[in-house]
Number of protein chains: 2
Amino acid sequence: MARKSASPPGRERILDAAEKLFAKRGFYGVSLRDITQAAGVDVALVGYHFGGKRALFDAVFGRRAEVLNRERLELLNEIRLQARPGTPSLEAIVHAFTYPLLERSARGGPGWKSYFALVAYVNNSPEFGPALMSQHFDSLVARFIAVLREALPDVPPQEIYWGYHFLTGALTLTFAETGRIDKLSESLIRATDLDSVLERLAPYVAGGFRALAARAAAKASSPRAARRRRPGKTASRKLPAPGPQGS
Amino acid sequence: MARKSASPPGRERILDAAEKLFAKRGFYGVSLRDITQAAGVDVALVGYHFGGKRALFDAVFGRRAEVLNRERLELLNEIRLQARPGTPSLEAIVHAFTYPLLERSARGGPGWKSYFALVAYVNNSPEFGPALMSQHFDSLVARFIAVLREALPDVPPQEIYWGYHFLTGALTLTFAETGRIDKLSESLIRATDLDSVLERLAPYVAGGFRALAARAAAKASSPRAARRRRPGKTASRKLPAPGPQGS
DNA sequence: GTCTATATGGAGATAGAC
DNA sequence: GTCTATCTCCATATAGAC
């Protein structure tokens with residue numbers, strides 16, 4: 001199990017430094033010179049080990065993904081066994097989905113912290129998001145969604161996908177830890193307080209799923225009135241004159 | 001009202017081109033040459049009109065923010081009047097917060113579409129997020145949160161801030177329209193279908209707020225048992241051996 | 001307000017010695 | 001596996017003509 005145990009070889013040091021810098025400033029905000037200088041190695045090593053900047057980025061993103069997915073899958077199977085012969089609660093499912101991530105971001109060390117900030121960047125990027133997130137996480141996500149569907153058997157699948165979409169948005173903004181919420185709340189809460197997120201995200205999302213389920217059921221029972229029912233008069237309100245033109 | 005009515009002057013054309021490109025690839029992924037070439041003007045004009053690249057970025061971000069905030073504030077006041085002497089429903093408050101944004105992203109034209117993708121980028125950026133989001137949106141957000149607190153009088157303020165945090169994460173990932181959810185759902189839903197988001201986000205978030213409220217109430221009534229209550233056995237589960245080290 | 005021309009620095013990539 | 005040296009290209013910024 002133990003290798004040389006000295007300081008990590010150049011390849012790993014490049015990955016660590018790249019992870020930290022990509023997380024802070026994105027793919028284009030960092031040069032290979034920044035990265036290799038932080039890693040204490042020569043620029044040319046990136047070409048040797050990875051092939052180029054983009055390939056390095058992919059390697060950074062992929063490195064920790066499999067570890068996480070294995071762990072999350074184990075946790076998912078665990079709660080399914082515990083819930084037998086029924087299905088786990090929505091809270092338990094969402095918890096199994098988010099706990100390994102939040103736990104590592106909170107206490108996994110700075111490398112993990114950077115990694116999750118990088119995930120926040122990638123998930124919200126039109127350029128990198130679909131390819132990288134799908135490649136590394138969709139097979140796991142599909143399993144979670146399957147369990148959510150078992151737990152909400154009468155809910156149309158679209159609702160589950162929308163509910164997941166909102167969940168991943170809330171989760172990845174959390175990972176970014178921008179500190180905006182600290183200022184907004186006058187330091188009443190802190191973006192770095194992931195234990196508070198861990199306690200709240202599962203109930204919040206479960207409540208959201210139940211609301212979507214109720215909405216879909218109501219709509220199915222009286223499809224005619226459904227369009228006018230929900231948010232009252234403001235639903236189809238016209239907007240005033242456009243500001244800067246939409247060109 | 002009508003100015004020259006011909007093609008917009010250089011300054012505006014730079015803003016439009018910059019908006020589109022910054023939205024796609026972020027601040028560092030775009031050069032002033034890319035922008036001015038797309039705008040059909042000379043590179044030097046950026047210096048003349050804005051001072052530099054970063055100042056141009058700020059100008060792009062600020063341009064549409066005030067329009068939106070005025071509109072959202074009007075809508076908020078409208079629903080408050082309608083609800084008198086009570087307070088608006090959670091659904092109505094969240095709807096007023098999100099409707100002007102989703103409506104413009106859906107039907108405001110490509111400029112607005114790009115703008116919201118840029119907001120997604122900025123909101124999740126540790127570098128730009130806190131400064132730019134706070135500067136342009138926090139005063140409005142504070143008003144919304146005040147109304148949410150009126151609507152949830154017995155709920156501790158922290159819960160409202162966390163609920164808002166999750167909301168803005170879900171909303172801005174929606175703006176990014178990365179298309180990841182299309183693939184995941186096998187095209188059952190589409191990231192570009194903002195009308196579906198408009199119907200679902202307010203109930204989802206309202207359900208989330210209610211769940212946080214219930215959780216806080218339960219915790220207040222029996223603070224002793226609270227730590228062990230929620231997500232069952234998995235809550236304090238230990239993680240297996242770390243993967244890549246957290247250095 | 002707009003363009004030409006240019007200053008100055010840094011980017012990614014790679015051939016080849018050790 | 002690692003470093004030196006260098007190629008080629010592109011970045012932002014600005015002085016000054018029109």
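Every chain is numbered from 1 and lettered A, B, ... according to where its sequence line falls, protein lines coming before strand lines.
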Between [N] ([atom2]) and [X] ([atom1]): distance, integer Å:
X      : N       : atom1 : atom2 : value
E12(A) : dT2(D)  : CD    : C1'   : 17 Å
I14(A) : dG12(C) : CD1   : C1'   : 14 Å
F50(A) : dA13(C) : CZ    : C1'   : 16 Å
H49(B) : dA13(D) : NE2   : P     : 16 Å
L32(A) : dC9(D)  : CG    : P     : 19 Å

- For residues 160-185 of chain A, pull every pair meeting salt bridge (Lys or Arg N to Asp or Glu O under 4.0 Å), keeping only residues two or more places apart or in separate chains.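 Counting only pairs at least two positions apart or across chains, the salt bridge (Lys or Arg N to Asp or Glu O under 4.0 Å) contacts touching residues 160-185 of chain A are K113(A)-E177(A), R180(A)-D138(B).
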
- Hey, do the aromatic rings of Y28(B) and Y28(A) have their centres closer than 6.0 Å?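 No, the ring centres sit 6.0 Å or more apart.
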
- Message: Before we go on, tell me: are the rings of F57(A) and F50(A) under 6.0 Å apart, centre to centre?
- Response: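 Between F57(A) and F50(A), the centre distance exceeds or equals 6.0 Å.
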
- Within 6.0 Å of CZ in R190(B), more than 12 heavy atoms from elsewhere: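 Atom CZ in R190(B) is not crowded, with 12 or fewer foreign heavy atoms closer than 6.0 Å.
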
- Message: Please check if the number of heavy atoms outside R143(A) that lie under 6.0 Å from its CZ is greater than 12.
- Response: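 No, CZ of R143(A) has 12 or fewer neighbouring heavy atoms, counting only those of other groups under 6.0 Å.
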
Between [Y] and [X], does any NZ, NE, NH1 or NH2 come within less than 4.0 Å of an OD or OE carboxylate oxygen?
X       : Y       : value
D34(B)  : K20(B)  : no
R70(A)  : E66(A)  : no
D193(A) : R200(A) : no

- Query: Using a heavy-atom distance cut-off of less than 4.0 Å, which residues of residues 53-62 of chain B contact DNA chain D?
  - Reply: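 K53(B), in order of number.
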
Using a cutoff of under 3.5 Å, can you pull out all pairs of nitrogen or oxygen atoms linking the protein to nucleotides 3-6 of chain D, with atom names and distances?
| unit_1 | atom_1 | unit_2 | atom_2 | d |
| --- | --- | --- | --- | --- |
| dC3(D) | OP2 | D42(A) | N | 3.1 |

- Within the structure shown, what part of the strands sits under 4.0 Å from G47(B) by heavy-atom distance: base, sugar-phosphate, or nothing?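 No contact.
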
- Query: OP1 or OP2 of dA11(C) less than 4.0 angstrom from a side-chain nitrogen or oxygen of S31(A), does that happen here?
  - Reply: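 Answer yes for this pair, as a side-chain N or O of S31(A) is under 4.0 Å from OP1 or OP2.
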
